[in-house]
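Note that the numbering runs from 1 along the sequence shown for the chain. Basis for what follows: all heavy atoms, side chains included, without hydrogens, waters or symmetry-related copies. Given the structure is predicted, the values throughout are model-derived calculations rather than measurements.
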Amino acid sequence: MPIRLLDGRISEFGAWTGPASTHCRILLETLADNLTPTISSLHAGSVDELERQFDDVAADVERRWAAKQTLDRIGSHGTIDALALNAIRQQVELAPFMATLRGRCRAWLPDETALIWQDGHISSGGDPLNPKFDWTGNRFTIWNATLPEASKIAAIGRPASSVFPHPPFSPEIVVEDVTDGVDDQDHSCLNLLLAMPSFHFTVEDGSVDLRPV
């Protein structure tokens, strides 16, 4: 998908009172994270800065366009990871909810779990106000927790539910790595890196192909 220029303007202000101030603004038709057309507005104080912003947008569109072409060839609209899929199935009816995701890049479940598109893939994130745990994608943090070194080593390759009883954890979601950390108040926390399968889905009927990608 080529980027389409919709509008572009370069203005200068303050030339009568001092050095002129440049303002650049362009509107582009690009490709959003959910792989549908969207409008991107770029604003910059110089042409050089505008070029840098455009290069960033162009790189995003190139990556998303490649993902879209791959998905189109197999009749899929995107992929979703197991953790996000489990969270949806436990709270709402799957097919009607999946059918709503084409028109938005973010959605929230009743428990404030966030569902986030990125380059045609949907992952999930936890409620940041939850005092017990938080997660983004495949990185899961347990607040105020530690494990002995031997237990951390033993957890690798095992189901994440053996470390923490989070309802959306299913047996195919396993621990890839465990590290200690600290939060903003220097309290200990445990960081899990998760490995999990992803699945293709289509939005017309909200169906999910449960064969792992």
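Rounded to the nearest 0.5 Å, atoms CG (Leu42) and CD (Glu51) are 12.0 Å apart. Between the CD atom of Glu93 and the CD1 atom of Ile88 there is a distance of 12.5 Å, given to the nearest 0.5 Å. Note that CG of Asp134 and CH2 of Trp143 are 6.0 Å apart. Values are rounded to the nearest 0.5 Å.
Put simply, the side chain of Thr179 does not reach to within 4.5 Å of the side chain of Leu192, judged on heavy atoms.
Side-chain N or O atoms of Thr70 include one that pairs as donor or acceptor with a backbone N or O of Ala66 at under 3.5 Å. Here the side chain of Asn34 pairs a donor or acceptor atom with the backbone of Arg102 at under 3.5 angstrom. The backbone N or O of Val203 lies less than 3.5 Å from a partner atom in the side chain of His77, making a donor-acceptor pair. Using modelled atom types, no side-chain atom of Glu62 and backbone atom of Ala58 make a donor-acceptor pair closer than 3.5 Å.
Counting heavy-atom neighbours within 6.0 Å of Arg106 CZ, excluding the residue itself, gives a total of 12 or less. Under a cut-off of 6.0 angstrom, the local environment of CD in Gln90 is crowded, with over 12 non-hydrogen atoms contributed by other residues, nucleotides or ligands. For Arg139, the CZ atom is loosely surrounded, since the number of other residues' heavy atoms within 6.0 Å does not exceed 12.
Side-chain N/O atoms of Asp81 and Ser123 include no donor and acceptor closer than 3.5 Å. With no hydrogens or angles considered, no side-chain donor-acceptor pair links Trp135 and Thr141 at under 3.5 Å. When only modelled atom types and interatomic distance are considered, Thr113 and Ser124 share no side-chain donor-acceptor pair under 3.5 Å.
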Mind listing the side-chain donor-acceptor pairs of residues 149-161 below 3.5 Å, one per line with the distance, residues two or more places apart or on another chain?
unit_1 : atom_1 : unit_2 : atom_2 : d
Glu149 : OE1    : Lys152 : NZ     : 3.1
Lys152 : NZ     : Asp180 : OD2    : 2.6

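Sorted by first and then second residue, the ring-ring contact (aromatic ring centres under 6.0 Å, His included) pairs involving residues 35-61 (not counting sequence neighbours) are His23-His43.
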Item checked: Asp33 and Arg64: CA distance, side-chain angles, deciding distance, side-chain contact (heavy atoms from CB on, under 4.5 Å) verdict -> CA-CA 7 Å; Asp33 272 305; Arg64 293 167 190 163; 3.3 Å; yes
Next item on the list: Might you work through the side-chain hydrogen bond (donor to acceptor under 3.5 Å, both in side chains) test for Ser207 and Thr202, ending with a clear yes or no?
Entry: CA-CA 6 Å; Ser207 64; Thr202 56; 2.9 Å; yes
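Taking all atoms of both residues into account, the shortest heavy-atom contact from Trp117 to Leu101 is NE1-O, 3.0 Å. In this structure, Asp183 and Gln185 approach most closely via the heavy-atom pair OD1-N, 2.8 Å.
Of the charged side-chain nitrogens involved, none lies within less than 4.0 Å of a carboxylate oxygen, so that Arg52 and Asp55 do not count as a salt-bridged pair.
Checked against ring-ring contact (aromatic ring centres under 6.0 Å, His included), Phe164 has the following partners two or more places apart in sequence or in another chain: Phe133, Phe140.
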